[in-house]
Amino acid sequence: MASAGADSPAGGGAQLFVIDPIERLNPAKDSSVALMQAAERAGRPVWVCTTAALMARQPSAGAAPGAGGHGAWVRARPVRTQPWHALGAAELLPLEAFAHVWMRKDPPVDEAYLYATHLLELAERRGVRVINRPAALRAWNEKLSSLRWSHLMAPTLVASRVEELAAFAAEHGEVVLKPLGGRAGQGVVFAAAGTPGLGALLELVTAQQSLPVMVQAFLPGVSAGDKRILLVDGEPLGAVNRVPSGDEFRSNLAVGGQPQATGLSEAERAICAELAPALRAEGLFFVGIDVIDGRLSEINVTSPTGIREVERLGGIPLADQAIARLPVA
């Protein structure tokens, strides 16, 4: 098992965060920053890089016998996170130098993202703990993965053909259309069976019937909020309720949703308990699920957000709890 020992350039227990450019992160809101600062409080050195800094290369001269073949390397920079932030000089290091590697690059899950997961998988094969597991990041589309538990969801259809989508809208009256690659509520559209130009809208969102979209029966209970529940190693540690603003039906914070303190109902705890074994089995250590009116909506695995809101509104030190529960590397 890989570990970052005291003689490693990265230092004992070092954490590498694969993120968007660090200058884009807002320390008051960003969950990646919350996790970095918690790691630093725990005495774990923090390093950062972008996906472009990952590479596969042969072992350095003098490597131990049997270390042949290409391994995953990174040109990373150490960072002091408190106060935010001070970067050190970049160093070229094998990913085995880190106790854990956090894949926290925001979507879209495009070619660059997918190739990065393959490079991270090289490191995983050598014992590096990658959070979340690269194969799961590829397999768990944040909309489609919920279909494993369709009995927990609102009535749902995934299709490309306008005929099927229009029939679903006619059956349920009011529906929500979701692009499968969307994030933060982007591209989510409300429609009704009698909406003028519905066919043209369906052609647009399916790129002329070439791409599938998810359509779900509209849940009026969304007016009371869309709950983001954060799970660490399958256990729900905190939640935030996101309430739509004004005439907006979307509750995502990125489109103006207002965060509220909240707890978990028994039904919501039951949803978490049902998902937990699969999350643990597939290496999804840090996950955010969305629940509307007691129905599972999405399973967010790429770079789940909400830590700052849970900490501020609920008084729960969630980032510190996540770092304390890290798997032994």
To check you understand the geometry: which heavy-atom pair defines the closest contact between [X] and [Y], and what is its length?
X: Ile299; Y: Ser145; answer: CB-OG, 3.7 Å
X: Ala89; Y: Pro78; answer: O-CD, 3.2 Å
X: Ala38; Y: Ile323; answer: CB-CG1, 3.7 Å
X: Pro155; Y: Arg295; answer: CD-NH1, 3.8 Å
X: Ser146; Y: Ser297; answer: OG-O, 3.5 Å
X: Thr206; Y: Ser160; answer: CG2-O, 3.5 Å

Is it true that [X] and [Y] fall in one hydrophobic cluster, defined by side-chain heavy atoms closer than 4.5 Å?
X: Leu114; Y: Val74; value: yes
X: Val291; Y: Leu147; value: yes
X: Tyr115; Y: Met55; value: no
X: Leu211; Y: Val189; value: no

Can you find a side-chain donor-acceptor pair between [X] and [Y] that sits under 3.5 Å?
X: Thr156; Y: Gln216; result: yes
X: Trp47; Y: Gln15; result: no
X: Gln37; Y: His85; result: no
X: Lys105; Y: Thr117; result: no
X: Asp290; Y: Asn300; result: yes
X: Glu40; Y: Thr81; result: yes

Would you compute the distance between atom [atom1] of [X] and atom [atom2] of [Y] and round it to the nearest 0.5 angstrom?
X: Gln321; Y: Ile307; atom1: CD; atom2: CD1; answer: 10.5 Å
X: Glu309; Y: Thr262; atom1: CD; atom2: OG1; answer: 13.5 Å
X: Glu142; Y: Glu298; atom1: CD; atom2: CD; answer: 7.0 Å
X: Cys272; Y: Ile229; atom1: SG; atom2: CD1; answer: 4.5 Å
X: Glu124; Y: His118; atom1: CD; atom2: NE2; answer: 12.0 Å
X: Cys49; Y: Trp73; atom1: SG; atom2: CH2; answer: 14.5 Å

Do [X] and [Y] have side chains that approach each other closer than 4.5 Å (heavy atoms only, starting at C-beta)?
X: Leu16; Y: Leu95; answer: yes
X: Leu87; Y: Ile22; answer: yes
X: Trp84; Y: Val33; answer: yes
X: Asp233; Y: Arg280; answer: yes
X: Asn132; Y: Met103; answer: no
X: Phe17; Y: Val79; answer: no
X: Leu264; Y: Lys227; answer: yes
X: Leu237; Y: Phe286; answer: no

Checklist entry - Would Arg138 and Glu121 count as a salt bridge (charged side-chain N to carboxylate O under 4.0 Å, His left out) if you check the C-alpha gap in whole Å, the side-chain angles of each, and the deciding distance to 0.1 Å? => result CA-CA 11 Å; Arg138 293 193 298 270; Glu121 204 162 39; 2.8 Å; yes
Quick check against the 3.5 Å criterion: does [X] have a side-chain atom that pairs as donor or acceptor with the backbone of [Y]?
X: Glu235; Y: Val232; answer: no
X: Thr302; Y: Asp106; answer: no
X: Arg44; Y: Ala14; answer: no
X: Arg129; Y: Val328; answer: yes
X: Arg57; Y: Gly71; answer: no
X: Asp320; Y: Arg41; answer: no
X: Arg75; Y: Glu91; answer: no
X: Thr195; Y: Ala191; answer: no

Next on the checklist: Check whether Trp140 forms a cation-pi arrangement with Arg148 (NZ or CZ under 6.0 Å from the six-membered ring centre, at most 45° off the ring normal).
Outcome noted: yes
Next on the checklist: I'd like to know whether Leu93 forms a side chain to side chain contact (heavy atoms under 4.5 Å, CB included) with Phe98, so could you lay out the CA-CA distance, the side-chain angles of the two residues, the decisive distance to 0.1 Å, and finally the verdict.
Outcome noted: CA-CA 9 Å; Leu93 298 168; Phe98 299 95; 3.7 Å; yes
Checklist entry - Given Leu284 and Ile131, is the side chain to side chain contact (heavy atoms under 4.5 Å, CB included) satisfied, shown in steps? => result CA-CA 7 Å; Leu284 292 167; Ile131 300 169; over 6 Å; no
Next on the checklist: For Glu111, I'd like to know if atom CD has over 12 heavy atoms of other residues, nucleotides or ligands within 6.0 Å.
Outcome noted: no
Next on the checklist: Around atom CZ of Arg312, are there more than 12 heavy atoms from other residues, nucleotides or ligands closer than 6.0 Å?
Outcome noted: yes
Item to check | Working for side chain to side chain contact (heavy atoms under 4.5 Å, CB included), residues Ile271 and Ile289 | outcome: CA-CA 10 Å; Ile271 290 173; Ile289 69 170; 4.0 Å; yes
Checklist entry - What do the steps show when you test Val101 against Leu120 for side chain to side chain contact (heavy atoms under 4.5 Å, CB included), and what is the final call? => result CA-CA 8 Å; Val101 176; Leu120 291 172; 3.8 Å; yes
Checklist entry - Between Arg308 and Asp30, is the closest basic N to carboxylate O distance under 4.0 Å? => result no
Please tabulate, one pair per line, all N/O donor-acceptor pairs under 3.5 Å involving side-chain atoms of residues 162-173, not counting sequence neighbours.
{"residue": "Glu163", "atom": "OE1", "partner": "Arg161", "partner atom": "NH2", "Å": "2.8"}
{"residue": "Glu164", "atom": "OE1", "partner": "Arg161", "partner atom": "NE", "Å": "3.0"}
{"residue": "Glu164", "atom": "OE2", "partner": "Arg161", "partner atom": "NE", "Å": "3.4"}

